[in-house]
There are 2 protein chains.
Amino acid sequence: MAAGAAAEIAAGDGSRSGKLENLTLWERVHGFLRQEILSNRLPPGTELAEVALAESLGVSRGPVREALGRLATEGLVTVRPRRGAVVSSLSKQEFLEAYQVREALEMLAIRLAVPRTTPELLERLQGLIAKMQDCAGRDDVDGFFELNAQFHRAFVDASGNGRLMELYRQLVEQLGRYRGSSLALRGSLKRSIAEHRTILRAVASGDPDRAAHLLSEHIRVPQRRLEAGDDELFALRTIPPKGEVR
Amino acid sequence: MAAGAAAEIAAGDGSRSGKLENLTLWERVHGFLRQEILSNRLPPGTELAEVALAESLGVSRGPVREALGRLATEGLVTVRPRRGAVVSSLSKQEFLEAYQVREALEMLAIRLAVPRTTPELLERLQGLIAKMQDCAGRDDVDGFFELNAQFHRAFVDASGNGRLMELYRQLVEQLGRYRGSSLALRGSLKRSIAEHRTILRAVASGDPDRAAHLLSEHIRVPQRRLEAGDDELFALRTIPPKGEVR
DNA sequence: CGGCTCCAAACTGTTGACACTCAACACAAT
DNA sequence: ATTGTGTTGAGTGTCAACAGTTTGGAGCCG
């Protein structure tokens with residue numbers, strides 16, 4: 001039912017940029033839908049009919065089906081057996097649960113990253129904090145959020161643990177759709193920057209436990225607010241069309 | 001290819017046990033293959049051809065394909081585009097990475113579980129330790145391993161975090177296939193029991209940080225041995241040739 | 001007027017067939 | 001003997017069609 005502007009998934013033209021795209025059809029559909037969902041162009045609650053999608057994208061139902069299956073195991077859509085797929089939405093409870101797991105993963109990441117710290121990493125983190133301050137001064141909330149995400153991801157990347165990176169990526173993807181909520185929850189940008197500085201100091205001094213502890217407190221700031229009960233933030237996203245989830 | 005003993009997945013009779021199984025075909029295939037892999041009846045490295053599986057199970061390639069896709073995102077098989085699927089095997093490095101993530105998840109679990117501790121939980125844990133001691137006395141290593149898994153899972157279940165439980169289950173499933181290795185790594189059963197007692201005391205006294213720290217040390221015992229370089233344990237499972245099933 | 005039954009449209013689950021790719025093997029040339 | 005090339009065959013990627021189920025509503029009954 002979505003708008004008709006198809007993205008020409010099935011295009012056979014090889015002129016698309018210099019990089020040769022040897023992806024299978026369902027992989028392209030998967031990537032396309034993933035982008036549509038993550039960018040909130042397909043908001044939570046949207047029903048995804050196989051035939052409609054297939055026609056819209058110019059492919060058969062097979063690849064669409066396969067793509068939906070993959071998205072389901074990634075948690076971006078939920079399939080109700082014989083009832084079709086829906087862009088999944090997180091309840092306040094589920095959001096909180098994912099947030100807790102994210103905290104645990106980041107703590108592991110920073111513990112692993114500290115002994116592997118390089119001067120380049122410290123420099124990069126320092127640069128990110130500086131840019132964050134710029135954004136805070138300009139009230140560029142979107143920019144700040146992006147930099148903040150990069151800051152946190154830097155530790156995960158530096159951990160050297162591929163499994164951890166993969167899990168973290170999936171988790172952040174899901175939580176990212178509620179960026180508005182997370183941001184509103186955070187409150188003062190200045191305080192966040194100060195916390196980042198403190199964390200960076202602990203990392204530079206090579207103290208994994210202290211860094212992990214600080215990070216834990218840092219992450220808990222928005223979590224506590226959510227627990228306190230600002231449900232309205234979710235009312236925006238939780239679209240109760242008709243079909244009830246589970 | 002593989003042996004013929006099919007498991008009658010496609011059976012349409014509703015007489016199968018009292019429990020009504022309203023699962024779709026691919027869900028049944030998925031569950032079946034999952035069991036086969038986890039029980040090591042399909043050892044790592046086994047090539048899974050769609051046509052062969054489909055014929056063997058009495059279904060079409062569609063459901064098999066879908067099941068393989070799900071297993072892939074769960075990490076139990078790896079699909080090489082246009083080359084088919086293979087039962088995935090963990091390298092020493094990957095095993096270690098997963099182990100680290102498991103540690104982080106369990107620490108989160110015990111932190112969440114401590115404030116929610118009930119007398120029933122403490123009693124259950126106490127009972128598990130007692131049974132472990134029995135097994136240790138009888139040199140019942142398999143029994144001990146099972147009880148140990150239950151002990152650790154108890155905290156995850158008590159955490160009340162559904163997402164955490166799901167991730168933990170998947171992780172343990174994958175690591176579980178290397179049970180032999182993990183066991184050999186652990187060494188003294190008595191020491192393990194003593195550590196369990198100490199952890200239980202910390203939980204009973206309502207000290208999440210201490211419990212988490214103790215758990216961390218407890219989990220790290222086999223991890224350190226693995227880091228030390230006992231690769232031979234993996235040689236057992238890493239089947240290099242293109243050997244046929246059984 | 002409200003509730004129940006039955007019917008039809010729509011959609012998913014499944015199947016079998018076709019097209020295409022890649023890997024291995026054989027053979028020829030250096 | 002080794003390397004490069006052509007061929008072949010197995011097996012995946014994709015499609016269109018069939019069958020079963022669910023949903024929503026029209027019609028009937030209380």
Provide, to the nearest angstrom, the distance between the [atom1] atom belonging to [X] and the [atom2] atom belonging to [N].
X: A:L57; N: D:dT14; atom1: CG; atom2: C1'; result: 15 Å
X: B:L25; N: C:dT14; atom1: CG; atom2: P; result: 4 Å
X: A:E66; N: D:dT14; atom1: CD; atom2: C1'; result: 10 Å
X: B:R80; N: C:dT21; atom1: CZ; atom2: P; result: 19 Å
X: A:R28; N: D:dG13; atom1: CZ; atom2: C1'; result: 11 Å
X: B:E47; N: C:dA23; atom1: CD; atom2: C1'; result: 11 Å
X: A:R82; N: D:dG20; atom1: CZ; atom2: P; result: 11 Å

Given 3.5 Å as the limit, does a donor-acceptor pair link the side chain of [X] with the main chain of [Y], or not?
X: A:E97; Y: B:R163; value: yes
X: A:N40; Y: A:R177; value: yes
X: B:R70; Y: A:T73; value: no
X: B:S88; Y: B:G75; value: yes

- Return no unless some side-chain N or O of A:R65 is found under 4.0 Å from OP1 or OP2 of C:dG13. yes
- Worked check of salt bridge (Lys or Arg N to Asp or Glu O under 4.0 Å) between B:R124 and B:E120: CA-CA 6 Å; B:R124 174 169 153 71; B:E120 289 76 31; over 6 Å; no
- With a non-hydrogen cut-off below 4.0 angstrom, is A:G62 in contact with a base, only sugar-phosphate, or nothing?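 Answer is nothing: A:G62 stays at 4.0 Å or more from every strand.
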The side chain of [X] is closest to which nucleotide in this list: [options]?
X: A:P63; options: D:dT14, C:dT21, C:dT14; answer: D:dT14
X: B:T24; options: C:dG13, D:dT14, C:dT12; answer: C:dG13
X: A:R83; options: D:dT22, D:dT14, D:dA17; answer: D:dT22
X: B:E50; options: D:dA16, D:dG13, C:dC22; answer: D:dG13
X: A:V59; options: D:dC15, D:dA17, D:dT12; answer: D:dC15

- Donor-acceptor pair present, B:R61 side chain and D:dG11 base, under 3.5 Å: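 Counting by modelled atom types and ignoring angles, no donor-acceptor contact under 3.5 Å is found here.
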